[in-house]
Amino acid sequence: MFFGRLSLLLGCAIVGLRGEPNCIFIVADDLGYADVGFNGSEEIPTPHLDRIAAEGVRFTNGYVSYAVCGPSRAGFMTGRYQDRFGFTINPVIDPTDPLAGVPLEEKMLSEVLKPAGYATMAVGKWHLGCHPTLVPSARGFDEFFGFLSGGHNYFPEDLNIGDLSQVSEMWGWYRTKILHNGQRIEIDDYLTDELSDAAVEFIKRKSADPFFLYLAYNAPHSPMQTTEKYRSRFPDIKDRRRQTYAGMVSALDDGVGRVLAALEEAGISKETMVVFLSDNGGPESVNASDNGLLRGGKGDPFEGGIRVPFAIRWPQEIAAGLVYERPVISLDIFATITAAAGVTPDPARPLDGVDLRPYLQGKVKGAPHPLLFWKMGKAPTRVIRQHDRKLILSAKGEQLYDLSEDLSEKRNLIKSEQAEAAKLEELFRVWDAGTLPTRFRGLGAWKKPK
Ligand code: CA
């Protein structure tokens with residue numbers, strides 16, 4: 001608080017002098033691994049996302065902690081495996097349910113940065129609880145421009161429900177009007193452009209303060225909707241759905257370009273950590289995304305579900321043009337920015353992520369994560385990665401892959417490497433002892449209000 005006022009008084013003079021870095025955490029929704037230029041896409045140019053990678057670090061083994069939206073977000077917003085607090089499925093969209101979200105004992109990135117003097121804003125998709133105690137304004141965000149549900153219609157004329165309490169059919173929440181600081185408002189433009197506008201406006205307004213901007217685009221999550229402006233950039237894509245998808249990704253990329261330009265204009269590019277990732281892999285059959293060589297997609301335990309486009313630009317801390325190949329996970333963002341901001345996390349709730357800076361600066365040579373874990377679904381599929389070996393235990397059987405030579409997970413080594421599999425299973429069991437069962441009703445449990 002004090003710092004915010006001081007910044008106001010001193011204006012621009014304080015820019016570059018203060019120690020706290022800014023953080024802009026940009027999330028794409030259901031974006032395919034191979035659908036960004038920095039991962040090799042030639043069909044969909046993403047020059048601005050590519051800039052983040054080229055001027056910073058690109059992760060070739062960048063993971064999220066779950067293969068669908070809600071739990072993945074609960075993980076990276078707390079820096080802890082969401083299994084530790086029972087956020088193991090997509091929560092029901094129900095504003096009367098105080099359980100269906102991130103428990104209040106857990107602290108979100110916004111909730112630790114705000115008391116440290118950060119201005120905070122969430123833009124776009126929330127999907128971390130709709131009850132008044134769980135919404136952005138109750139979770140450390142000064143400002144919010146977006147929607148609480150897991151997906152949304154993109155055209156203003158389709159947004160005609162005044163509030164979640166008025167939703168009368170499953171998925172009706174896609175049609176709720178946009179929330180701006182607690183008020184339902186009308187918007188004029190394509191939703192992706194509106195989200196970019198809100199982000200740019202916040203950066204301009206808060207450039208003299210340390211700030212945290214969570215910019216969670218719902219693009220390119222279904223419904224598949226884009227404007228002629230963006231669609232017309234892809235005359236050569238003949239598949240209509242893929243063309244729409246490309247337009248949606250292109251709109252997102254334009255927005256990221258405007259965010260980067262706003263940072264430059266304010267003279268704060270250097271000290272601003274800009275993170276970009278997708279919350280899970282592309283559901284190829286739903287939104288025509290492309291995960292390239294990776295097997296499977298959204299919802300799957302295979303690489304296509306959990307390995308995502310992931311890059312960070314942060315000139316003050318990370319050299320340009322870095323390609324980092326050891327496994328990292330979205331949980332690391334929390335640990336990295338809080339360490340840089342000098343914020344000590346609650347020792348009772350240890351982070352699973354690590355501060356990536358010493359690894360990216362070459363000060364530490366080992367792997368940030370000797371082990372990574374995933375637990376997904378009802379009779380949970382259990383997944384563990386150690387070095388290049390990945391074990392998947394599911395109702396369909398056991399699978400063991402060597403990712404160093406089998407990225408597409410085609411050659412199951414389980415028969416020839418029984419001892420290795422048993423060792424990994426035991427490591428999983430030890431980790432799993434620190435997790436909790438699902439604590440709330442899932443998305444499908446929604447019932448029409450009486
Ligand atoms: Ca998603």
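Hydrogens, waters and symmetry mates play no part in the numbers below; they use all other heavy atoms, side chains included. Atoms within a ligand are numbered from 1 in the order they appear, just like the ligands themselves. One-based numbering along the sequence shown.
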Quick check for you: to the nearest 0.5 Å, what is the distance between Q225 atom CD and Y190 atom OH?
7.5 Å

Result for side-chain contact (heavy atoms from CB on, under 4.5 Å) between D253 and one of T192, V36, L49, I44 points to L49

Here the Ca ion (ligand 1) sees protein N, O or S atoms within less than 3.0 Å, and their number is 6

Aromatic contact between F25 and F276, with the criterion being ring centroids under 6.0 Å apart: yes or no?
no

Please collect all salt bridge (Lys or Arg N to Asp or Glu O under 4.0 Å) contacts where either partner lies in residues 274-291, sequence neighbours excluded, each pair once.
R73-D279

Do the side-chain N and O atoms of S65 and Q82 include a donor-acceptor pair separated by under 3.5 angstrom?
yes

Describe, in one word, how the ring planes of F147 and H152 are oriented to each other, choosing from parallel (under 30°), tilted (30 to 60°) and perpendicular (over 60°).
parallel

